[in-house]
Protein chains: 2
Amino acid sequence: MQNICMIDPRISTLRVFSSTENVAKTAELTGYSPSAVSAQLRELQRTLGIDLLVKEGRGVRLTATGRHFVAGLDAIVTQWEMLMASSRTASGQLQASFGLGGFSTAAAELLAPLAARLRTTRPEMEVRLVEAQPQRCLDLLLSERIDLAVIVASQSQTGTLVQARFEQTVLLDDPLDVVLPANHRLAGSKSVSLEQLADDPWITEAEHSVYRALFVAAFTSLGVTPHIAHEAVEWETMIAFIGAGLGVGLLPRLATLGSVDNVVRRRVSGVAKPSRRIVAVVRKGSMGSPMIEESLKILQQTAKGIISQRSAEELE
Amino acid sequence: MQNICMIDPRISTLRVFSSTENVAKTAELTGYSPSAVSAQLRELQRTLGIDLLVKEGRGVRLTATGRHFVAGLDAIVTQWEMLMASSRTASGQLQASFGLGGFSTAAAELLAPLAARLRTTRPEMEVRLVEAQPQRCLDLLLSERIDLAVIVASQSQTGTLVQARFEQTVLLDDPLDVVLPANHRLAGSKSVSLEQLADDPWITEAEHSVYRALFVAAFTSLGVTPHIAHEAVEWETMIAFIGAGLGVGLLPRLATLGSVDNVVRRRVSGVAKPSRRIVAVVRKGSMGSPMIEESLKILQQTAKGIISQRSAEELE
DNA sequence: TCAATCATGCATATATTCTGCATGATTACA
DNA sequence: TGTAATCATGCAGAATATATGCATGATTGA
């Protein structure tokens, strides 16, 4: 879309490259063609007079100097973001456009209310919404296509690269419920422990996904290795599989079951209560920006609403 | 000449503007046309979505936000320079081109030897030499047309703006000698004090020049107000005036008298011994750059040579 | 009041920069 | 081992962005 002036577009491209280590993916994320990315990186090195990249196999990777350079850029860009934030605060002028990103459930439950609220409080602002996976959200933040993302916290975000570039705010912990076929032996129980389902066939997401990592973590804490029978990408698919009696699954509380009557949702009891942490992520340094602060406030308010609604339901 | 990638050319332009507060002068210093500068500044504000400039009379000036923004940029650019320096050190790759600036005497006595030396140690490097007044040297440094300048230290360099953007290294203190007509009553003395010349007509540089400030400072410390009879821009002109018997003057030791026989040069004795401090100036953060470090070492060596040569002459 | 100074806007000219395709190199797979 | 797939890059043409030069309006000083 629109590329904010920022430092230099070539430097922005380099930073995205440093997180993908892949010209084609960088091109896709930045919106350039692969040859444009290649040309930009080449031109950048020529102008700086420093070799940042070397060929490796059929790809390219950063040199030691390149990594050092990118690390330095991260600090500079953070300072730039802080400057933009303080300048916006000082002048009272907001950016013309504001991009939000998040995965499906977050987009529905948290981002949609936020966008609606901003549309009324800031009618002149162009608010953009992008649904994307967590990793992609981070890349979109980096390439300044969005300014705030709501994602599921995961181990991969503890890396130094991520820490140097982003700042997180916890919004809420979203527990995972068990979903059983309506005719399951435990369908009558009010709550079910994972131990009770240790031998059932499980339906989960593909390996290397954030959800799968949570799934595995919950069982490893019990010392149990679950039998993963099927893999699904969408919740609807998983629910359909469960309805067909192919196995059982875990569904975040925030995700709605939909109007399905051949499955039941039950609370998880026992020591291992899996949950996912939903966080808001912004570029490091942009925390002080008026739009960001306002958005975070609204998000936390919405999250609080969800939590208190749950406690109310809990008491019924 | 060539504009290094650096931050964004528009930001570079804004920084130069902040030191000139004048579109036309900014255009001249950056090498753009005035309308290009105007367009760049307008475009920058549009992209940032922040008003940096306001019209004032027939000119424009920075807003409060604009000044805040520029101050923040100074810090960022310093960090950028440090990053470039450390990357160059790490990779062992030097810049392709290296610009030196200085005023006439410095250019002759300090920069010429430096350039010559670099030409032998770094034959592949394109070394550029620019002769310019101190203030202009600073502007050239800022706009990255040169990378190191040798100038006379002055009061104007103690401003916060200058301190935020540049770093200085003292090279040598250059005493000012008295130049008298050959038939002057004191021409026979080995040294002359300023008190003895308090009533003579003086020839000096134009007001608001660095030299003039030194001149005034020397006399004010004596409580004497000298009679300034004439003003000259070049030393040659001043010497010619003195030779014609129009008055007396002060000439830095580094400046050569040339082959003139109708004037004499005498040491200044007494409490007020005027001297000018010659310093090397670089952009803040670039101190660690290999080329800068090498150049400063050579300059200090040359300065040391000049000083020791003087002590030797002193003993004769 | 006139001239000078200064910034800006516009049309044209000029550079830059991107895209799409072709190429060469490397890797995965059968 | 051969074949297909993947990946980065180079090149010609196209699209975009950017600068120039002159004209204009606004302000200041003589």
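Computed over heavy atoms, backbone and side chain alike; hydrogens, waters and symmetry mates excluded. Given the structure is predicted, the values throughout are model-derived calculations rather than measurements. Proteins come first, then strands; the chains are lettered A, B, ... in the order of their sequence lines, and each starts at number 1.
Summary for the helix from C:dT1-D:dA30 to C:dA30-D:dT1: the axes at its two ends, each from 5 pairs, differ by 20° when rounded to the nearest 10 degrees.
A:Tyr32 places its OH atom 13 Å from the C1' atom of C:dT19, with the value rounded to the nearest Å. The CD-C1' distance, from A:Glu21 to D:dT6, rounds to 17 Å in whole Å. Between B:Asp8 atom CG and D:dA17 atom P the separation is 14 Å, expressed in whole Å. We find that NZ of A:Lys25 is positioned 11 Å from C1' of D:dC7, with the value rounded to whole Å. One atom, CG of B:Leu44, and another, P of D:dA19, lie 12 Å apart when rounded to the nearest Å. Distance CZ (A:Arg10) to C1' (C:dC18): 13 Å, rounded to an integer number of Å. When the P atom of C:dA15 is taken as reference, atom CD of A:Glu43 falls 16 Å away, rounded to whole Å. Across the protein-nucleic acid pair, B:Arg46 atom CZ and C:dG9 atom P stand 13 Å apart, rounded to whole Å.
Between C:dA7 and B:Asn22, a contact under 4.0 Å exists linking OP1 or OP2 to a side-chain N or O. Between C:dT17 and A:Gln40, no contact under 4.0 Å exists linking OP1 or OP2 to a side-chain N or O.
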- Query: Can B:Gln93 and A:Leu48 be said to form a side chain to side chain contact (heavy atoms under 4.5 Å, CB included), step by step?
  - Reply: CA-CA 10 Å; B:Gln93 296 181 295; A:Leu48 295 175; over 6 Å; no

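Although no hydrogens or angles enter the test, the distance criterion places no donor-acceptor pair under 3.5 Å between the side chain of A:Thr237 and the main chain of A:Val233. Checked by atom type and distance alone, the side chain of B:Arg212 pairs as donor or acceptor with a backbone atom of B:Glu205 at under 3.5 Å. Side-chain N or O atoms of B:Arg128 include one that pairs as donor or acceptor with a backbone N or O of B:Arg145 at under 3.5 Å.
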Could you go through residues 36-45 of chain B and list every donor-acceptor pair under 3.5 Å that involves a side-chain atom there, pairing it with any protein atom two or more places apart or in another chain?
| unit_1 | atom_1 | unit_2 | atom_2 | d |
| --- | --- | --- | --- | --- |
| B:Gln40 | OE1 | B:Thr13 | OG1 | 2.6 |
| B:Glu43 | OE1 | B:Arg46 | NE | 3.4 |
| B:Glu43 | OE2 | B:Arg46 | NH2 | 3.1 |
| B:Gln45 | OE1 | B:Leu52 | N | 2.7 |
| B:Gln45 | OE1 | B:Leu53 | N | 3.1 |
| B:Gln45 | NE2 | B:Leu41 | O | 3.3 |

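Within the structure, salt bridge (Lys or Arg N to Asp or Glu O under 4.0 Å) pairs that include any residue of residues 68-77 of chain A comprise A:Arg15-A:Asp74, A:Asp74-A:Arg165 (at least two apart or interchain). Residue pairs meeting the salt bridge (Lys or Arg N to Asp or Glu O under 4.0 Å) criterion with at least one member in residues 152-161 of chain A, sequence neighbours excluded, do not occur.
For the side-chain contact (heavy atoms from CB on, under 4.5 Å) criterion with A:Ser19, the lone passing option out of A:Leu142, A:Val162, A:Thr26, A:Leu138 is A:Leu142.
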- Note on the structure: Protein-proximity profile, nucleotides 21-30 of chain D, B/S/- by nucleotide at the 4.0 Å heavy-atom cutoff, equals B-----BB--

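Partners of A:Phe166 under the ring-ring contact (aromatic ring centres under 6.0 Å, His included) rule, at least two apart in sequence or in another chain, do not exist in this structure.
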